[in-house]
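Predicted, not measured: the structure shown is a model, and the values here were computed from it.
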Amino acid sequence: MEPTKELKLRYKFDKVVSKPIEAIIESCEKLKAKVEPDYRIRISEQYIRFSIGMLQREKFSPNLKITLEKMEDGNTFVKGIYGPDPVLWFFFISLHIVVGLVFLIFMAIVYSKWTLNESFQFDLMIMISMTIIWFLLYFIARLNRSKGISQMKELEKLYNKVIQE
């Protein structure tokens, strides 16, 4: 795993495991009892979510969501995705939507004033500032992800324990 070299904000991976889904879930149940205060493991049918426990959680703490799919040969196809805390993810997406809507509204205002030969400098400055804010949001998200890389590796160790036991 090399998330620092990838451009994506949410690191994804997939893997074929020679264990059946039931054995993976059973290993996960055993591990859940051992690591409960430091880590949270939630199991729902063929979905598993690993997260950092409340005592160690920071605003940049990642989650690891695993999807298990049964293959015809008896193996299990594992799809994983690292992402931020769902509340933080919702907050960042909401900010992106607000910035985008403000940009579009002022773009319409600039166009209207341009066609009416009125001054639109202030409105254009708002559009430029929304573009700058959008880039700042992107770099803040990358910074948060880089802060959480050590915790991503901890979650990866838990995941490896589950699939290798």
**OP:** Decide whether L95 and I126 are clustered together by the hydrophobic rule: side chain heavy atoms of Ile, Leu, Val, Met, Phe, Trp, Tyr closer than 4.5 Å, transitively.
**Re:** yes
Original post:
Quick one: are K12 and K79 in side-chain contact, heavy atoms under 4.5 Å?
Top reply: no
Subject >> Euclidean distance, F103 CZ relative to I128 CD1, rounded to 0.5 Å >> reply: 9.0 Å
Original post:
If you measure from CE on M127 to CG on L104, what distance do you get to the nearest 0.5 Å?
Top reply: 8.5 Å
**OP:** Using atom types as modelled and distance alone, determine if a side-chain donor or acceptor of N160 lies under 3.5 Å from a backbone N or O of E156.
**Re:** yes
Subject >> Between CD1 on residue I43 and SG on residue C28, distance to nearest 0.5 Å >> reply: 4.0 Å
Original post:
Do F135 and T131 have side chains that get closer than 4.5 Å, going by heavy atoms?
Top reply: yes
Subject >> Q151 versus S61, closest heavy-atom pair with distance >> reply: OE1-OG, 2.7 Å
Original post:
Any side-chain heavy atom of V99 sitting closer than 4.5 Å to one from V102?
Top reply: no
Original post:
Taking S51 for the side chain and N63 for the main chain, is one N or O donor matched with an acceptor at less than 3.5 Å?
Top reply: no
Original post:
Taking the side chain as C-beta and beyond, is there a heavy-atom pair between T67 and V78 under 4.5 Å?
Top reply: no
Subject >> Joint cluster assignment, M152 & Y159, ILVMFWY side-chain distance < 4.5 Å >> reply: yes
Original post:
Are K32 and E36 ion-paired here, with the side-chain N under 4.0 Å from a carboxylate O?
Top reply: no
Original post:
Ring centres of Y82 and F50 under 6.0 Å apart?
Top reply: no
Original post:
Counting only heavy atoms not in Q121, do more than 12 sit closer than 6.0 Å to its CD atom?
Top reply: no
Subject >> side chain to side chain donor-acceptor pair (under 3.5 Å) against D85, all qualifying residues, sequence neighbours excluded >> reply: none
Subject >> Linked, directly or transitively: I97 and V87 (ILVMFWY side chains, under 4.5 Å) >> reply: no
Original post:
Under a 4.5 Å cut-off applied to non-hydrogen side-chain atoms, are T76 and K70 in contact?
Top reply: no
**OP:** Give me the ring orientation class for Y138 and W134: parallel if the planes are under 30° apart, tilted from 30 to 60°, perpendicular past 60°.
**Re:** parallel
Subject >> L68 side chain near I24 side chain, heavy-atom distance below 4.5 Å >> reply: yes
Original post:
Roughly how far apart are E22 CD and Q46 CD, rounded to 0.5 Å?
Top reply: 10.5 Å
Subject >> Ring geometry between H96 and F92 (parallel below 30°, tilted from 30 to 60°, perpendicular above 60°) >> reply: tilted
**OP:** Side-chain contact test, heavy atoms from C-beta onward, threshold under 4.5 Å: evaluate it for F77 versus D14 and give yes or no.
**Re:** yes
Original post:
Just how far is it from atom CE of M130 to atom CG of L137, taken to the nearest 0.5 Å?
Top reply: 9.5 Å
Original post:
L88 and I133: same hydrophobic cluster, using ILVMFWY side-chain contacts below 4.5 Å?
Top reply: yes
Original post:
Distance-only, no hydrogens or angles: does the K15 side chain make a donor-acceptor pair with backbone N or O of G80 under 3.5 Å?
Top reply: no
Subject >> Residue F90 excluded, over 12 heavy atoms near CZ under 6.0 Å >> reply: no
Original post:
Looking only at heavy atoms, what is the nearest atom pair of P62 and G148, with distance?
Top reply: CG-O, 3.7 Å
**OP:** Hey, could you give me the CZ/CE distance between F122 and M125, rounded to the nearest 0.5 Å?
**Re:** 9.5 Å
Original post:
How about I48 and R42: do any of their side-chain heavy atoms sit closer than 4.5 Å?
Top reply: no
**OP:** Check the side chains of Y39 and E154 for a donor-acceptor pair under 3.5 angstrom, ignoring hydrogens and angles.
**Re:** yes
Original post:
Can you get from Y111 to L116 by hopping between Ile, Leu, Val, Met, Phe, Trp and Tyr side chains that sit under 4.5 Å apart?
Top reply: no
Original post:
V35 and I41: which non-hydrogen atoms are nearest, and at how many Å?
Top reply: CG2-CD1, 3.9 Å
**OP:** Kindly check if the number of other-residue, nucleotide or ligand heavy atoms within 6.0 Å of CZ (R40) is above 12?
**Re:** no
**OP:** Tell me, yes or no, whether the heavy-atom count around M71 atom CE, taken from other residues, nucleotides or ligands under 6.0 Å, exceeds 12.
**Re:** yes
**OP:** Give the C-alpha distance, both sets of side-chain angles, the deciding distance and a yes or no for side chain to side chain contact (heavy atoms under 4.5 Å, CB included) between L64 and F13.
**Re:** CA-CA 11 Å; L64 172 58; F13 65 91; 3.7 Å; yes
Subject >> Which atom of E69 lies closest to which atom of I21, heavy atoms considered >> reply: C-CD1, 3.9 Å
Subject >> R49/I66 under side chain to side chain contact (heavy atoms under 4.5 Å, CB included): CA gap, chis, key distance, verdict >> reply: CA-CA 6 Å; R49 182 173 167 217; I66 303 292; over 6 Å; no
